[in-house]
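Protein chains get the first letters and strands the later ones, always in sequence-line order, with residue 1 at the start of each.
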Amino acid sequence: NAGVMQNPRHLVRRRGQEARLRCSPMKGHSHVYWYRQLPEEGLKFMVYLQKENIIDESGMPKERFSAEFPKEGPSILRIQQVVRGDSAAYFCASSPRQRGPITEAFFGQGTRLTVV
Amino acid sequence: LAKTTQPISMDSYEGQEVNITCSHNNIATNDYITWYQQFPSQGPRFIIQGYKTKVTNEVASLFIPADRKSSTLSLPRVSLSDTAVYYCLVVSYNTDKLIFGTGTRLQVFP
């Protein structure tokens, strides 16, 4: 059972370009979370999705950022018109999210976005 | 969600036991305490979760006093490979997301 797969691992974009980050959850997991981590800082929650639904996007910047988790295929975090401040590591996590507290979320290796 | 407070950093030597304490004074009845570990350039990894008293697995032990206002993650006989950031999280029964703080940066020396 493969873990959470994120690609690309490293992404370089020029200011103003679009960045697309992909996340394939673990098999059987229908809940996906995206986090952003700046250097030497903790992880900041961005968005929580289930298949075809955004459940909680309270951590997403109001502009330029969007996320989806279609019925088929990976979850996508999309950043339009990137700026240098978007440079960070973006982590995806998945869980089976049964009833009760989140006991364990599985994280991917992350995508390191560098905006030049 | 209850706010957590933990030391910014800790140093230890190989073979020692390391105890990292986390304060969560406003923890609610339905909240659980969860710890994650993050190595450089990797995503966090779940270590352990508990509600009260003591929980032990093959990696660590988690001690939670009766008032549940704090918890202690205990790592027995650490090695260099335990050098990482350790996050204490309070997770509500019906929460939809994990909220990470700044964590404790543990450095293990030979």
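- B:Phe39 CZ: more than 12 foreign heavy atoms inside a 6.0 Å radius.
- Grouping the Ile, Leu, Val, Met, Phe, Trp and Tyr side chains by contacts below 4.5 angstrom, directly or via other members, places A:Leu113 apart from A:Val4.
- In this structure, the portion of B:Arg105 lying under 4.5 Å from any heavy atom of chain A is its side chain and not its backbone.
- Atom OH of residue A:Tyr48 and atom NZ of residue B:Lys97 lie 11.0 Å apart, to the nearest 0.5 angstrom.
- Ranked by heavy-atom pairs under 4.5 Å with chain A, the first of B:Gly43, B:Gly101, B:Pro40 is B:Gly43.
- Using a 4.5 Å cut-off between heavy atoms, A:Glu41 touches chain B through its backbone atoms (N, CA, C, O) alone.
- The backbone N or O of A:Ala105 lies less than 3.5 Å from a partner atom in the side chain of B:Tyr36, making a donor-acceptor pair.
- With a threshold of 4.5 angstrom between heavy atoms, A:Phe106 does not approach chain B through any atom at all.
- The neighbour count for B:Lys52 NZ, taken as heavy atoms of other residues, nucleotides or ligands under 6.0 Å away, does not exceed 12.
- Taking hydrophobic clusters as Ile, Leu, Val, Met, Phe, Trp and Tyr residues chained together by side-chain heavy-atom distances below 4.5 Å, A:Val32 shares a cluster with A:Ile79.
- Proximity to chain B is absent for every atom of A:Gln6, based on heavy atoms less than 4.5 angstrom apart.
- Side-chain atoms of B:Leu98 and A:Tyr33, non-hydrogen and from C-beta on, never get closer than 4.5 Å to each other.
- Minimum heavy-atom separation, B:Gln42 to A:Gln109: CG-OE1, 3.7 Å.
- Placement of A:Tyr35 and A:Val47 in two distinct hydrophobic clusters is found when ILVMFWY residues are connected by side-chain heavy-atom separations under 4.5 Å, directly or transitively.
- Contacts between A:Leu43 and chain B at a heavy-atom distance below 4.5 Å involve backbone atoms as well as side-chain atoms.
- Heavy-atom neighbours of A:Met5 CE from other residues, nucleotides or ligands within 6.0 Å: at or below the threshold of 12.
- Separation of atoms CZ (B:Phe100) and NZ (A:Lys44) is listed at 11.5 Å; rounding is to 0.5 Å.
- Between the side chains of A:Glu104 and B:Gln49, no donor-acceptor pair is found at a separation under 3.5 Å.
- Side chain of B:Arg45 to main chain of A:Phe107: no donor-acceptor pair is present (N/O by atom type, distance under 3.5 Å, no hydrogens or angles).
- Grouping the Ile, Leu, Val, Met, Phe, Trp and Tyr side chains by contacts below 4.5 angstrom, directly or via other members, places A:Tyr90 apart from A:Ile76.
- The 12-atom threshold is exceeded at CZ of A:Arg9, counting heavy atoms of other residues, nucleotides or ligands nearer than 6.0 Å.
- A:Gln17 CD: more than 12 foreign heavy atoms inside a 6.0 Å radius.
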